[in-house]
Peer 1: 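Structure in structure tokens, see below.
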Amino acid sequence: MSRSAIELDFFGMEKELSPPPKLPTFARRRSFRDIQGVISKINPEVLKTVIANGSSGLNKSVTVPCTPKEDHTIFPPLPVHGSNLRQSCEPKRSAETAPMTIFYNGMVAVFDVSPHKAKDILLHAEEEAQKPAESSDSKGTGSSSDQKNILGTLNGDFPIARRKSLQRFLEKRKER
Amino acid sequence: MKEQKSIKLIRCGSSSGMGSGGADETVWECVIPYVQDPRDRDAVSLVCKRWYQIDALTRKHVTIALCYTATPERLSRRFPHLESLKLKGKPRAAMFNLIPEDWGGYVTSWVEEIDKSFCRMKALHFRRMIVIDADLEMLAKSPAGKVLEVLKLDKCSGFSTDGLLIIGRLCRNLKTLFMEESTIVEKDGEWLHELALNNTVLENVNFYMTDLTKVRSTDLELMAKNCPSLTSVKISDCDISDLIGFFKAANALEEFGGGSFNEPPGQIGEGVFNEQLGRYSAVSFPPRLCCLGLTYLGKAEMPLIFPIAARLKKLDLLYALLDTAGHCDLLQRCLNLEILETRNVIGDRGLEVLAQFCKKMKRLRIERGADEQEMEDVEGIVSQRGLIALAQGCLDLEYLAVYVSDITNEALECIGRYSKNMCDFRLVLLDREETITDLPLDNGVRSLLIGCEKLRRFALYLRPGGLTDLGLSYIGRYSPKVRWMLLGYVGESDDGLLVFSKGCPSLQKLEMRGCCFSERALAMAAMQLTSLRYLWVQGYRSVNRLDLLKMVRPNWNIELIPARRVYVQDANEQVIFDHPAHILAYYSLVGQRTDFPTTVMPLDPNALLN
């Protein structure tokens with residue numbers, strides 16, 4: 001069965017220039033507060049399960065805690081809402097589904113989703129991200145990707161800003 | 001002679017027991033106008049009422065570092081005979097695309113006041129402000145328009161070439177028209193034609209780094225013919241081969257910037273080299289030209305500069321296309337070079353060449369080149385190696401701004417040891433390399449600050465781990481004369497900032513980015529820094545927004561730019577930039593401004609508490 005894997009670099013990891021964050025231990029850690037807050041809403045037990053079962057599809061539906069209210073998190077939580085994830089975790093053997101791989105901070109999670117669900121998840125991310133980010137710790141670089149905008153780096157840094165004049169010159173130079 | 005006479009009068013006055021008699025007053029009226037330095041004038045105005053009045057009536061120039069600290073009416077009330085005014089608007093971060101375009105800084109009310117009250121205004125400098133065509137029209141038609149000699153629209157936006165047309169037509173005494181890096185809506189090239197036709201006293205014309213494309217080289221030539229005093233011309237892109245006539249006519253020219261070199265399409269290989277030289281060989285630079293910057297200058301065109309290299313005092317390679325070897329080749333011939341601006345493609349090797357050959361270097365600015373490896377020379381990085389050579393070789397350095405890829409304490413110590421004339425030092429540590437040779441930089445920074453006794457301006461932009469709290473305390477302790485600082489990713493905790501803010505006795509303007517400090521620490525620091533009048537912060541550790549209230553006090557405006565997401569359409573993609581929140585706080589005589597755009601909010605204590 002040919003499957004096209006939809007790889008989503010949600011957190012701009014490919015463009016990550018600063019030192020890669022340390023691999024977290026999966027352990028029994030319940031709170032992901034230390035990991036910049038976003039993926040903290042996904043129960044680590046769930047992720048662990050998913051990774052373990054990734055390639056063979058998922059045999060059980062898992063519940064995921066609903067995204068909690070915004071507190072001091074840097075970004076609005078990744079909107080992997082309970083309902084969506086539950087559905088995407090249900091085994092779908094139809095030809096429409098494809099693995100959705102999420103890379104984060106050294107962890108890899110694979111979900112089987114239909115294109116429709118994948119789009120939902122992306123739109124949800126867009127939607128959540130478009131809420132005015134109140135917290136002043138909001139940060140990140142933009143990753144360009146055709147409207148599917150993705151939250152930027154999460155390690156607390158934002159890029160060194162470039163002078164306007166130099167920026168324009170470097171862009172013009174590329175076009176020559 | 002006059003001074004001796006004045007002294008005699010004082011003696012007469014005191015011996016006869018006169019207090020503030022007529023003779024004494026004449027003395028001060030004669031003497032005070034000779035006092036030019038603004039800080040001295042400030043001191044003079046505080047001595048007594050009479051001195052305040054004399055200063056007010058005779059003050060010729062005022063700089064208002066932030067236009068919202070005063071109003072035009074207050075200015076004209078206190079200094080009715082002002083002849084020169086400099087106003088600054090948007091925060092400096094606007095030069096880095098960090099500030100919303102409509103943030104503020106409108107010149108309109110100031111121009112209205114100039115029209116009404118300042119008929120002797122000869123020089124105007126608006127920096128990072130919004131200027132519209134109607135403002136330029138009002139200015140041109142005002143009484144000041146007839147006497148205006150200097151107009152600088154410096155990194156401004158909001159106007160078009162129509163506004164410039166009116167200026168060119170009516171301001172016939174204009175000696176300087178400066179518009180570098182302004183965003184100008186271009187309707188046509190008529191404004192330059194008008195300026196060239198009507199003006200014979202031009203000395204300095206600058207539309208460098210604007211995107212004006214409809215300017216005609218024939219108008220430049222006309223201007224050169226009509227204005228025998230033309231000494232400095234910096235233009236937008238215009239092929240250098242079209243400027244042959246201009247260069248011939250501009251006999252007094254000392255400074256030229258801009259233009260561009262273009263390769264004819266479809267040429268590759270060795271042929272290009274000779275072809276380019278052939279095309280441009282007819283270019284003959286004016287005899288006194290000693291300041292030069294040619295856009296897209298490449299290896300092929302470099303030999304054109306060799307004949308005048310030895311007399312160059314200032315060289316701008318920011319927008320050139322030279323690699324490291326090209327820099328070395330050119331710079332070794334520039335034995336009289338005092339000012340150089342370039343990108344980090346100069347490399348450590350280029351800095352070594354500077355150290356060896358360019359002993360008169362005073363000002364060096366090394367900007368950040370492209371990040372993509374293919375776009376710049378692989379040698380094009382600057383590190384401790386280049387800085388150490390530079391410090392040891394160029395002892396006259398007064399200004400150094402550099403983006404480095406690597407750094408050590410030793411390099412900073414070297415600068416402290418050798419660069420005794422350093423007044424302005426700025427270092428940014430690029431974030432491309434994972435590992436830096438020698439962090440934290442605590443000891444190097446301390447040595448630099450202690451050694452560079454004349455330091456007035458200081459910027460240090462590092463990364464987490466770059467400077468500990470102890471290092472931050474060194475900055476506080478050892479920067480007695482520094483008035484402006486930019487600090488990025490320094491310190492480890494609130495404690496560091498609090499100790500820092502007990503020092504820096506002269507610090508008037510503080511900019512911080514990417515800090516780990518909470519609102520509480522920021523507010524307390526603002527209250528502790530004794531000379532602070534302007535604070536800008538982007539990126540901090542938000543714990544409790546209410547803590548900002550700790551710095552609420554009379555005459556202290558606090559503005560916030562909440563975090564925002566900016567969508568930029570770029571060809572087929574939409575690129576999105578997340579901007580962290582800003583805090584901007586400053587002393588003002590006139591309360592909160594009233595022209596906030598939607599992206600900026602005044603801090604309202606009541607709103608916060610609810």
Side-chain angles (χ1 to χ4, degrees), chain A residues 11-12 15-21 37-38 70-76 125-176, chain B residues 93-98 155 181 209 211 237 262-263 295-296 318-319 321 343 367-371 375 403 428-432 434-435 461 463-464 488-489 513-514 516 519 538-543 545 560 562-568 570 572-583:
Chain A
F11 307 107
K15 293 212 169 97
E16 182 73 69
L17 294 174
S18 41
V38 175
E70 289 170 357
D71 45 336
H72 287 302
T73 53
I74 288 112
F75 279 113
E126 266 263 283
E127 220 176 293
E128 282 292 324
Q130 262 167 26
K131 275 194 205 147
E134 302 269 304
S135 168
S136 49
D137 279 341
S138 234
K139 51 193 92 85
T141 52
S143 311
S144 60
S145 167
D146 270 54
Q147 299 278 348
K148 285 177 194 148
N149 184 52
I150 317 240
L151 307 173
T153 57
L154 293 171
N155 57 1
D157 300 315
F158 39 96
I160 300 172
R162 219 190 254 289
R163 213 171 243 263
K164 234 191 259 189
S165 48
L166 260 304
Q167 180 78 25
R168 279 207 340 261
F169 164 73
L170 294 172
E171 280 162 14
K172 272 157 63 179
R173 188 175 69 164
K174 267 194 219 169
E175 289 163 18
R176 273 167 65 85
Chain B
M95 301 191 308
F96 299 85
N97 278 319
L98 297 176
K155 299 180 178 63
E181 276 195 67
M209 297 309 287
D211 285 324
D237 288 359
N262 300 296
E263 278 164 15
T295 309
Y296 306 134
L318 283 174
Y319 314 110
L321 299 176
R343 303 188 309 281
E367 276 283 353
R368 171 185 170 203
D371 290 330
M375 293 299 295
Y403 283 79
V428 179
L429 179 59
L430 290 172
D431 56 7
R432 296 197 59 202
E434 222 178 279
T435 327
Y461 197 108
R463 57 171 69 178
Y489 293 103
R513 197 161 189 261
C516 53
E519 289 98 338
Q538 186 191 30
Y540 52 94
R541 185 173 53 92
S542 184
V543 172
R545 206 186 250 191
L560 302 174
R564 46 188 186 112
R565 169 157 289 188
V566 176
Y567 297 82
V568 175
D570 169 38
N572 299 322
E573 318 178 302
Q574 198 182 61
V575 186
I576 295 168
F577 296 96
D578 280 319
H579 290 267
H582 308 226
I583 301 169

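Residue numbering restarts at 1 for every chain, and letters A, B, ... go by the order of the sequence lines.
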Peer 1: To the nearest 0.5 Å, what is the distance between CG on B:D237 and NZ on A:K172?
Peer 2: 4.0 Å

Peer 1: Is B:A94 in contact with chain A via its backbone, its side chain, both, or neither, using a 4.5 Å heavy-atom distance?
Peer 2: backbone

Peer 1: Considering only heavy atoms from C-beta outward, does the side chain of A:R168 approach that of B:Y319 to under 4.5 Å?
Peer 2: no

Peer 1: Taking B:E367 first and then A:R163, would you say they form a salt bridge - that is, a charged N and a carboxylate O separated by under 4.0 Å?
Peer 2: yes

Peer 1: What residue in A:K174, A:Q167, A:R173 has the most heavy-atom pairs under 4.5 Å with chain B?
Peer 2: A:R173

Peer 1: May I ask you to test the B:Y461-A:I160 pair for a side-chain heavy-atom distance under 4.5 Å?
Peer 2: yes

Peer 1: Any donor and acceptor pair, going by atom type alone, linking the side chain of A:R162 with main-chain N or O of B:G369 inside 3.5 Å?
Peer 2: yes

Peer 1: Which answer fits B:L321, side chain, backbone, both or neither, if we ask what part of it has an atom under 4.5 Å from a heavy atom of chain A?
Peer 2: side chain

Peer 1: Once you round to the nearest 0.5 Å, how far does NE2 of B:H579 lie from CZ of A:F158?
Peer 2: 11.0 Å

Peer 1: A side-chain contact here means heavy atoms from C-beta on lying under 4.5 Å apart; do A:L166 and B:R368 qualify?
Peer 2: no

